[in-house]
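All figures in this text were calculated on a predicted structure; none of them were measured in a lab. Order of the sequence lines fixes the chain letters, A, B, ..., with proteins taken first and strands second; residue numbering starts at 1 for each chain.
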2 protein chains.
Amino acid sequence: MPSSPNISFVLHDVARLLRKRFEQRSRAFGLTRAQWQVLAYLSVHEGIHQNKLADLIEIMPITLARLLDKMEARGFIERRPDPADRRAWLLYLTPQAHPLIEVMRSNGRKTRDEAFAGLSADAQQQLLQTLCLIKSNLLEACTQPAVDREKVHV
Amino acid sequence: MPSSPNISFVLHDVARLLRKRFEQRSRAFGLTRAQWQVLAYLSVHEGIHQNKLADLIEIMPITLARLLDKMEARGFIERRPDPADRRAWLLYLTPQAHPLIEVMRSNGRKTRDEAFAGLSADAQQQLLQTLCLIKSNLLEACTQPAVDREKVHV
DNA sequence: TGATGATAATAAGCATGCTCACGAAAGTTT
DNA sequence: AAACTTTCGTGAGCATGCTTATTATCATCA
């Protein structure tokens, strides 16, 4: 493992460091990476249900609910009751959230520029495609049982 | 953002899904992904200090300390006092941890096989190199202040 | 209509990362 | 030796993921 680095661990490290760097940059604005992701998706899907948004972002609805709690408390988003379904909420940005979008987008750009320094546009495109393939492989795999019959008796 | 997927978000998603899938597989053995990483590094560095191990894995010492607390409670590792430094511990695997190593390595292999299905060995090698470059960019960047002078007055 | 099942959101509790802060011991300087 | 500084490990507290379970509401079908 330490001799030749394990690609999964490196991938995990990169994700962790990306988040860390992004948050070093964004702390001053009161939004974390995850909250920024919510805001970004929400900005082009205002009026969406929590469930649908969780689907889009591909996180569990409860994970999103917790994020929204914080973002609502800080005045970035608003939950309005759905007149057609008393169980559900409709999600909206508050006016004060709008100006943040450009700022955060720029923070993301800067973090990416640091991270991908030395990578050609081609290489970045290549990387993106590879990652999308892996992601779809994993989304598929995660729906399947992972019981490992050969090993379960060990 | 939803039109062309953001490479940082995809990368984050892939890392999250890799962890999720690995843990679906490994839950039966009582080790999480992070704990397995500790075990893997430790298995080739027995007798190491916590600080040095945290450096190797590139996590904060406090994060490692928490992981070790759990792993010690479950009997996977052992902290022995360092005779030369009363502040420090030396880390060792317990006998019962050894047989797990091969099992977990195989779980990692299976998870990777699922994730990287459809990627040639070349493409995987390419990906690994790209990720290592990005990681080293980020490790460098994270040590630098991230104050964003143009934006701080917004 | 009235029971039965699905769905929207949340609660509880765990794991893993972080920052910030602190105590104890070690090392260094005066 | 005494006073500073550094280092080792950890406590407290937060954020974001997850699994599992619960409540309220909606939809369907007998």
* Asked: Taking for each residue the nucleotide of DNA chain D with the nearest heavy atom, is it B/Thr63 or B/Arg87 whose nucleotide lies nearer the 5' end?
  -> B/Arg87
* Honestly curious: do B/Ile62 and B/Leu53 fall in one hydrophobic cluster under the side-chain, below-4.5 Å linking rule? -> no
* Asked: When we call it a touch if two heavy atoms are under 4.0 Å apart, what does A/Arg66 touch: a base, just sugar-phosphate, or nothing?
  -> base
* Asked: Just checking B/Asp85: base, sugar-phosphate only, or nothing, at a heavy-atom cut-off of under 4.0 Å?
  -> sugar-phosphate
* Phosphate OP1/OP2 of C/dT7: any A/Asn51 side-chain N/O under 4.0 Å -> no
* Asked: Does the side chain of A/Arg27 get closer than 4.0 angstrom to OP1 or OP2 of D/dA15 through an N or O atom?
  -> no
* Just call it for A/Lys70: base, sugar-phosphate, or nothing, with non-hydrogen atoms closer than 4.0 Å on any strand. => base
* Structure fact -> Closest of C/dC20, D/dG17, C/dA15 to the B/Ile62 side chain is C/dC20
* Asked: Would you say the side chain of A/Lys52 lies within less than 4.5 Å of the side chain of A/Ile48, judging by non-hydrogen atoms?
  -> yes
* To do: Using a 4.0 Å heavy-atom cut-off across all strands, classify B/Glu23 as base, sugar-phosphate, or nothing.
  => nothing
* Record whether the side chain of A/Arg86 comes under 3.5 Å of the base of D/dT25 through a donor-acceptor pair of N or O atoms. => no
* Asked: Would a 4.5 Å heavy-atom cut-off, applied to side chains only, mark B/Trp89 and B/Leu68 as touching?
  -> no
